[in-house]
Amino acid sequence: ENKESSSSRGALIVLEGLDRCGKTSQSGRLYKYLDEQGHSVESWRFPDRNTGVGQMISSYLANKSQLDDHAIHLLFSANRWEKRSLMEEKLKSGTTLIVDRYSYSGVAFSSAKGLDIEWCKAPEIGLLAPDLVVYLDISPEKAAERGGYGDERYEQLEFQKKVAGSYLSLRDSSWKVIDATLSIEDVEKKLREVVLDCMITCHKGKPLSQ
Ligand code: DGP
Ligand code: NA
Ligand code: NA
């Protein structure tokens, strides 16, 4: 049975955090749960490496190409822009989107390099505003201990410390912060709670905003 009325839109739910915080596996678990509950839901991630822009980003992250910090910032942003209309369509048709990284990653990672924060935010203006931002909180040291930083450009302790600082300055009271050092099951449970609460209360009747 479809629990949502046909007129209600889907919720835009964003997961953020440092590399190795567990975001990707948690978004998979959340997707599976909501899907099994009968919700119309999709799991998305940024960067979306499947597009032409996404392939440039992927090559940069793999250290196979070099780009000016501003140029790569704009490519990450363009990668979100190229998905904006599809995102809007999905949400309006009632599909909830769980999105692994969004504009906050854009601002946190680039400002961690020393780029001006207002400059970093500018190209994100006009993208759809999330109904919920969940931050999976882990210290850079603990994340590094998890082993499995890959070989990608940003997966280094000293840089992740700077990213953690940037996220801290971006966070506001609307973000839900979950301790990502809890067990996988406990993080999953807390994530479900905040997401279900959002789906029931926070976006009903609220138009999509930018
Ligand atoms: P992921 O596929 O989630 O592991 O992300 C790849 C890496 O790119 C990760 O270190 C986070 C970083 N990243 C994600 N989005 C952005 C962005 O918009 N701008 C910048 N500079 N980095 C980003
Ligand atoms: Na990564
Ligand atoms: Na990830």
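The basis for the numbers below is simple: all heavy atoms, side chains too, and nothing from hydrogens, waters or symmetry mates. First listed ligand is number 1; within each ligand, the first listed atom is number 1.
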Applying side chain to side chain contact (heavy atoms under 4.5 Å, CB included), can you list everything that pairs with Asp151, at least two apart in sequence or on another chain? none
For ligand 1, which atoms, with element, lie under 4.0 Å from some heavy atom of [X]?
| X | result |
| --- | --- |
| Ser110 | 21 (N) |
| Pro47 | 5 (O), 14 (C) |
| Asp19 | 4 (O), 9 (C), 10 (O) |
| Gly106 | 17 (C), 18 (O), 19 (N) |

Answer whether the closest heavy-atom distance between the side chains of [X] and [Y] falls below 4.5 Å.
| X | Y | result |
| --- | --- | --- |
| Val134 | Lys190 | no |
| Lys176 | Leu136 | no |
| Gln156 | Asp19 | no |

Under 4.0 Å, heavy-atom basis, I'd like to know which part of Arg45 is in contact with ligand 1: side chain, backbone, both or neither.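 Near ligand 1, Arg45 shows its side chain, while the N, CA, C and O stay back.
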Aromatic plane relationship, Phe46 with Trp44 - under 30° parallel, 30 to 60° tilted, over 60° perpendicular: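 Because their plane-to-plane angle is over 60°, the rings of Trp44 and Phe46 count as perpendicular.
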Angle between ring planes, Phe159 versus Phe109, binned at 30° and 60°: parallel, tilted or perpendicular?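 Rings of Phe159 and Phe109: tilted, 30 to 60°.
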Any N/O pair [X]/ligand 1 closer than 3.5 Å:
| X | result |
| --- | --- |
| Arg49 | yes |
| Glu152 | no |
| Gln160 | no |
| Asp100 | no |
| Arg80 | yes |

Best match, Tyr102, Phe76, Tyr60, Tyr104: closest heavy atom to atom 15 (N) of ligand 1: Phe76
Kindly list each side-chain donor-acceptor pair under 3.5 angstrom involving residues 118-128, sequence neighbours excluded, with atom names and distances?
residue: Glu124; atom: OE1; partner: Arg80; partner atom: NE; Å: 2.9
residue: Glu124; atom: OE1; partner: Ser103; partner atom: OG; Å: 2.7
residue: Glu124; atom: OE2; partner: Ser77; partner atom: OG; Å: 3.1
residue: Glu124; atom: OE2; partner: Arg80; partner atom: NH2; Å: 3.0

